[in-house]
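Here the structure is laid out as structure tokens; the discussion comes afterwards.
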Protein chains: 2
Amino acid sequence: MKFSKKSEYALRALIELTGQYGQPPLQRHEIAKRQQIPIEFLEQILLTLKNAGLLGSRRGVTGGYSLIKPPQDITLGQVIRILDGPLAPIGCVSKTAYQKCSDCPYSEKKNCPIQNAMLGVRNAIADILDNYKLSDFASGHCKRAHA
Amino acid sequence: MKFSKKSEYALRALIELTGQYGQPPLQRHEIAKRQQIPIEFLEQILLTLKNAGLLGSRRGVTGGYSLIKPPQDITLGQVIRILDGPLAPIGCVSKTAYQKCSDCPYSEKKNCPIQNAMLGVRNAIADILDNYKLSDFASGHCKRAHA
DNA sequence: TAAAACTTGACTAATTCAGTTTAGAATGAA
DNA sequence: TTCATTCTAAACTGAATTAGTCAAGTTTTA
């Protein structure tokens, strides 16, 4: 049940880019230095975030990466799904990437105990991460979903 | 952020063993058949649960596995931790297996945004799974932690 | 005593993780 | 124009994990 290093690095990079929002782009080596991330690995991650539509980039001497949307329009849930896939701890309770379980004897019926339990877990995780905005995240405010 | 097949099979095996609590032990092939789990893999899992103190076993013709404690004294959190390790999505917010992050620039200070966010996630997961008893689980009651 | 059952440990194929390497294409300052 | 700087893209790698499988036991009891 761990998030990958990719997700962690992505979030750390996004903290830097949030601080830079509205200003000139930030270069990968600057992000790598500030957050102590191996630069080649960071590159891969920034590319993924760019292809997912979160970042824009510019090449050349004054180039770099920048947020394409305001930080309050991006949630941690979005970021983590891009890098680690669905939040659900088991395929049959995922809302964004549902997968029927093949072997479970309860599969077709509605009363699968595992599904009951895991749906609760997936909702709890999503409630937090899908309501946690990059703006709150970067500023250190621990905004709770329903507190 | 997925639970492993081991955890899933363990929970499914424990549903069967909960139904059998107080009666003669259940044999691995019977569990494997009812829950459609590869028997050699199931064996490995039952052994792990036994070594963790959740199950007892008896060899020989009338042998099998059985719960060693009443089903209301075992939580899903316990089971999953045995097979998949800590529930926390990142080492530095685990209560049962804390690990300092080595590279995070916030490491020593108390205001790490990642820690803030991930601690919320770990607590939400633990609140559910550590309050979900095997007895509720097997009977299909969706007992919520604070609902 | 032999079949049924658990025990242990080694083995393996496939996938994922965490990066590294290499080669290239765009930009803009000199 | 040229050249250093920056991003782009894809292949590659070593280690670890996952999901099983296999083989060779030991124990129990009908």
Side-chain angles (χ1 to χ4, degrees), chain A residues 1-13 17 20 24-33 35-52 54-66 68 80 82-86 89-91 101-104, chain B residues 1-13 17 20 24-33 35-52 54-66 68 80 82-86 89-91 101-104:
Chain A
M1 277 296 284
K2 279 231 166 85
F3 289 128
S4 70
K5 222 65 179 143
K6 272 192 185 177
S7 275
E8 190 199 318
Y9 289 157
L11 292 176
R12 283 175 32 201
L17 288 166
Q20 191 74 8
L26 203 54
Q27 286 152 13
R28 48 180 199 156
H29 78 255
E30 184 60 27
I31 300 173
K33 201 182 72 182
Q35 289 287 340
Q36 311 215 73
I37 303 171
I39 191 164
E40 303 87 354
F41 194 34
L42 174 63
E43 211 161 72
Q44 223 181 88
I45 295 164
L46 293 172
L47 252 297
T48 304
L49 291 174
K50 188 200 160 175
N51 293 332
L54 262 59
L55 301 184
S57 66
R58 214 186 18 206
R59 301 200 218 199
V61 175
T62 58
Y65 292 90
S66 50
I68 240 176
I80 290 172
I82 290 167
L83 292 147
D84 274 1
I90 195 170
C101 3
S102 55
D103 53 358
C104 172
Chain B
M1 276 298 283
K2 281 233 165 82
F3 290 127
S4 69
K5 224 64 179 140
K6 271 193 185 176
S7 275
E8 190 198 318
Y9 289 157
L11 292 177
R12 280 169 42 196
L17 289 166
Q20 190 75 9
L26 203 55
Q27 285 153 14
R28 52 185 196 152
H29 78 256
E30 184 60 27
I31 301 174
K33 200 182 73 182
Q35 291 284 340
Q36 310 215 73
I37 303 170
I39 192 165
E40 304 87 353
F41 194 35
L42 174 63
E43 212 161 73
Q44 228 180 85
I45 295 164
L46 293 172
L47 250 300
T48 303
L49 292 174
K50 187 197 160 177
N51 292 333
L54 263 60
L55 301 183
S57 66
R58 213 181 23 203
R59 299 202 219 198
V61 176
T62 58
Y65 291 90
S66 50
I68 240 176
I80 290 172
I82 289 166
L83 293 147
D84 274 0
I90 196 171
C101 3
S102 55
D103 52 358
C104 172

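These numbers were taken from a predicted model, which means no experiment stands behind them. Within every chain, numbering begins at 1; the chains are lettered A, B, ... in the order of the sequence lines, protein sequences first and strands thereafter.
Look at CD on Glu30(A): it is 11 Å from P on dT6(D), rounded to the nearest Å. Taking atom CZ of residue Phe3(B) and atom C1' of nucleotide dT17(D), one finds them 17 Å apart after rounding to whole Å. The distance from atom CD of Glu8(B) to atom P of dA19(D) is 9 Å, rounded to the nearest whole Å. One interatomic measurement links the two molecules: CD1 of Ile68(A) to C1' of dC7(D), which rounds to 15 Å at whole-angstrom precision. Straight-line distance from the CD atom of Gln27(A) to the P atom of dT5(D): 11 Å, rounded to whole Å.
The side-chain hydrogen bond (donor to acceptor under 3.5 Å, both in side chains) test applied to Lys50(A) returns Ser57(A), not counting sequence neighbours. The side-chain hydrogen bond (donor to acceptor under 3.5 Å, both in side chains) check on Gln20(A) picks up nothing, with sequence neighbours excluded. In this structure, Lys2(A) has no side-chain hydrogen bond (donor to acceptor under 3.5 Å, both in side chains) partners at least two apart in sequence or on a different chain. With sequence neighbours excluded, the residues that form a side-chain contact (heavy atoms from CB on, under 4.5 Å) with Thr48(B) are Ile82(B), Leu83(B). A search for ring-ring contact (aromatic ring centres under 6.0 Å, His included) contacts involving Tyr65(B) returns nothing, not counting sequence neighbours. Checked against side-chain contact (heavy atoms from CB on, under 4.5 Å), Ser4(A) has the following partners two or more places apart in sequence or in another chain: Lys6(A), Ser7(A), Asp84(A). Residues satisfying the side-chain contact (heavy atoms from CB on, under 4.5 Å) criterion with Ile39(A), sequence neighbours excluded, are Arg28(A), His29(A), Ala32(A). For Glu30(B), the side-chain hydrogen bond (donor to acceptor under 3.5 Å, both in side chains) partners two or more places apart in sequence, or in a different chain, are Arg34(B).
Axis deviation across the helix from dT1(C)-dA30(D) to dA30(C)-dT1(D) amounts to 0°, comparing end segments of five pairs, rounded to 10 degrees.
First and last contacts of DNA chain C with chain B, using any nucleotide atom under 4.0 Å from a protein heavy atom and ordered 5' to 3', fall at dA4(C) to dT8(C).
Within the structure, a side-chain polar atom (N or O) of Lys50(A) is placed less than 4.0 Å from OP1 or OP2 of dT8(D).
Pairing each heavy atom of Pro25(B) with each of Gly64(B), the nearest pair is CB-C, 3.5 Å.
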query = How does each nucleotide of nucleotides 20-30 of chain D score, in 5' to 3' order, for protein heavy atoms under 4.0 Å: base (B), sugar-phosphate only (S), or none (-)?
reply = BB----BBBSS
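The distance from atom CG of Asn51(A) to atom CG of Leu46(A), rounded to the nearest 0.5 Å, is 11.0 Å.
Side-chain contact check for Phe3(B) versus Glu8(B): every heavy-atom pair is 4.5 Å or farther apart.
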